[in-house]
Number of protein chains: 2
Amino acid sequence: MNDLHDKFTEYLTQQDQRYTTQRREIVDAIINKKDHFEIDEFISEVHLQGKRLARATVYRTVKQLLDAKLIQKIDAGNGRIYYEYNEALQHHDHIICNQCGKILEIKNNHIEKAIKLECNKLGFQAEYRSLHIYGTCKECQNN
Amino acid sequence: MNDLHDKFTEYLTQQDQRYTTQRREIVDAIINKKDHFEIDEFISEVHLQGKRLARATVYRTVKQLLDAKLIQKIDAGNGRIYYEYNEALQHHDHIICNQCGKILEIKNNHIEKAIKLECNKLGFQAEYRSLHIYGTCKECQNN
DNA sequence: ATGCGTGCAAATACTTTGCATGCCC
DNA sequence: GGGCATGCAAAGTATTTGCACGCAT
């Protein structure tokens with residue numbers, strides 16, 4: 001049993017909601033994709049597999065997963081919106097290259113700590129964050 | 001003369017584009033608003049002042065200002081999208097309360113440094129970032 | 001004068017919603 | 001069996017685009 005299923009089950013139970021076949025399938029697909037995905041591409045893939053799944057259901061489920069902090073939304077800046085599984089609820093941040101569009105995932109304790117300290121100072125109880133750094137990656141700087 | 005006008009002029013010149021009346025008015029309005037604004041609210045206000053200004057022009061100009069890194073986009077999570085003037089190009093980050101929707105702006109050198117170090121490590125040339133922290137503010141924790 | 005930028009409206013894209021039916025608990 | 005969730009289509013929003021005309025350079 002995967003962590004994401006457990007967490008989502010827990011969330012749904014709390015909200016007195018049901019873990020339906022569709023919700024289960026969407027979560028499975030997210031786990032299998034591993035990295036970031038787009039709503040549209042996601043729906044196409046599911047349909048290619050011959051499964052019936054309504055757009056609306058995907059939007060509804062994604063909203064719940066966001067609300068449950070199990071996935072996060074990434075605005076790649078060029079009009080594309082990605083979603084990504086928050087593996088084991090460990091926050092990782094994103095570095096996005098404006099040239100080639102590549103997305104690097106980082107996890108840095110100093111950043112983590114600095115943010116926690118600032119929140120403590122303000123008495124703010126942080127639940128979740130989104131940090132995206134845009135610029136030019138090593139490879140693209142050489143072009 | 002305001003910094004934002006200068007910077008935008010510089011950007012437009014680089015791109016061989018013109019500093020039109022509309023662009024100037026949009027920039028003025030942004031400077032006067034100071035804090036974050038929404039496209040829709042923004043257009044209404046300009047229209048209330050009796051000025052003629054097309055939606056499309058606002059979208060086009062906002063896109064350029066984003067591209068020039070002079071304003072930044074904030075996704076408040078509840079479906080609302082804000083834009084905000086990047087004062088003097090100093091990066092400040094946002095703390096957003098999920099209960100009351102309040103947005104706090106922070107500027108913290110430790111966060112700044114930790115991010116710079118991580119980028120240096122990766123050889124990534126950062127131009128811009130967006131950091132949003134979501135949670136519950138001090139006041140709302142007491143309710 | 002030249003041609004980029006604007007305004008307008010239509011087109012497109014994205015997301016939500018109402019309602020009848022199906023399926024989880 | 002009761003009622004929440006789904007699928008479908010239609011309605012909302014948000015954003016982009018084509019084209020004729022106006023204005024900045």
Would you say B:Arg52 places a side-chain N or O within less than 4.0 Å of OP1 or OP2 belonging to C:dC8? yes

To the nearest Å, how far apart are B:Phe8 CZ and D:dA24 P? 15 Å

Specify the separation, in whole Å, of atom OH of B:Tyr11 and atom P of C:dG5. 11 Å

A:His36 versus A:Tyr85, side-chain donor and acceptor atoms under 3.5 Å: no

Under 4.0 Å between a side-chain N or O of B:Tyr59 and OP1 or OP2 of D:dT15? yes

Below 4.0 angstrom from OP1 or OP2 of D:dG22, is there any side-chain N or O of B:Gln22? no

Residue met sooner reading DNA chain C from 5', once B:Asp16 and B:Arg60 are mapped to nucleotides: B:Asp16

Taking the nucleotide of DNA chain C with the nearest heavy atom to each, does B:Val58 or B:Arg18 sit closer to the 5' end? B:Arg18

Rounded distance in Å - CD (A:Glu25) to P (D:dA5): 17 Å

Gap between atoms CD and C1', on B:Gln64 and D:dT16 respectively (whole Å): 14 Å

I want to check one thing: is the phosphate of D:dA24, taken as OP1 and OP2, less than 4.0 Å away from some side-chain N or O of B:Thr21? yes

Geometric cation-pi criterion A:Arg24 and A:Tyr19, 6.0 Å radius, 45° cone: yes

Whole-Å gap separating P (C:dC14) and CG (A:Leu66): 17 Å

Interatomic distance where CZ belongs to B:Arg24 and C1' belongs to D:dT25 [whole Å]: 12 Å

For A:Phe42, the option from A:Phe37, A:Tyr82, A:Tyr83, A:Tyr59 that meets ring pair (Phe, Tyr, Trp, His ring centres under 6.0 Å): A:Phe37

Donor on one side chain, acceptor on other, A:Asp67 and A:Tyr11, under 3.5 Å: yes

side-chain N/O B:Lys63 vs D:dT16 OP1/OP2, d < 4.0 Å: yes

D:dT13 P sits how many Å from B:Arg55 CZ, rounded? 12 Å

Determine whether the side chains of B:Gln22 and B:Thr61 contain a donor N or O and an acceptor N or O closer than 3.5 Å. no

Side chains of B:Gln141 and B:Gln99: is there a donor and an acceptor less than 3.5 Å apart? no

If the cut-off is 4.0 Å, is B:Thr20 near the phosphate of C:dC4, judged by side-chain N/O to OP1 or OP2? no

Below the 4.0 Å mark, does C:dG5 have OP1 or OP2 next to a side-chain nitrogen or oxygen of B:Thr57? no

Name the nucleic acid region contacted by B:Leu53, choosing base, sugar-phosphate or nothing; use a 4.0 angstrom heavy-atom cut-off, strictly under. sugar-phosphate

note: A:Gln15, atom CD; C:dC25, atom C1'; distance rounded to Å ~ 17 Å

Residues in residues 37-48 of chain B with a heavy atom under 4.0 Å of DNA chain D, by number, are none

Side chains of A:Ser130 and A:Gln72: any donor to acceptor distance under 3.5 Å? no

Are any of A:Arg23's side-chain N or O atoms less than 4.0 Å away from OP1 or OP2 of D:dA5? yes

Mind jotting down which residue pairs meet the salt bridge (Lys or Arg N to Asp or Glu O under 4.0 Å) criterion with at least one end in residues 47-57 of chain B? Sequence neighbours excluded, please. B:Asp40-B:Arg55

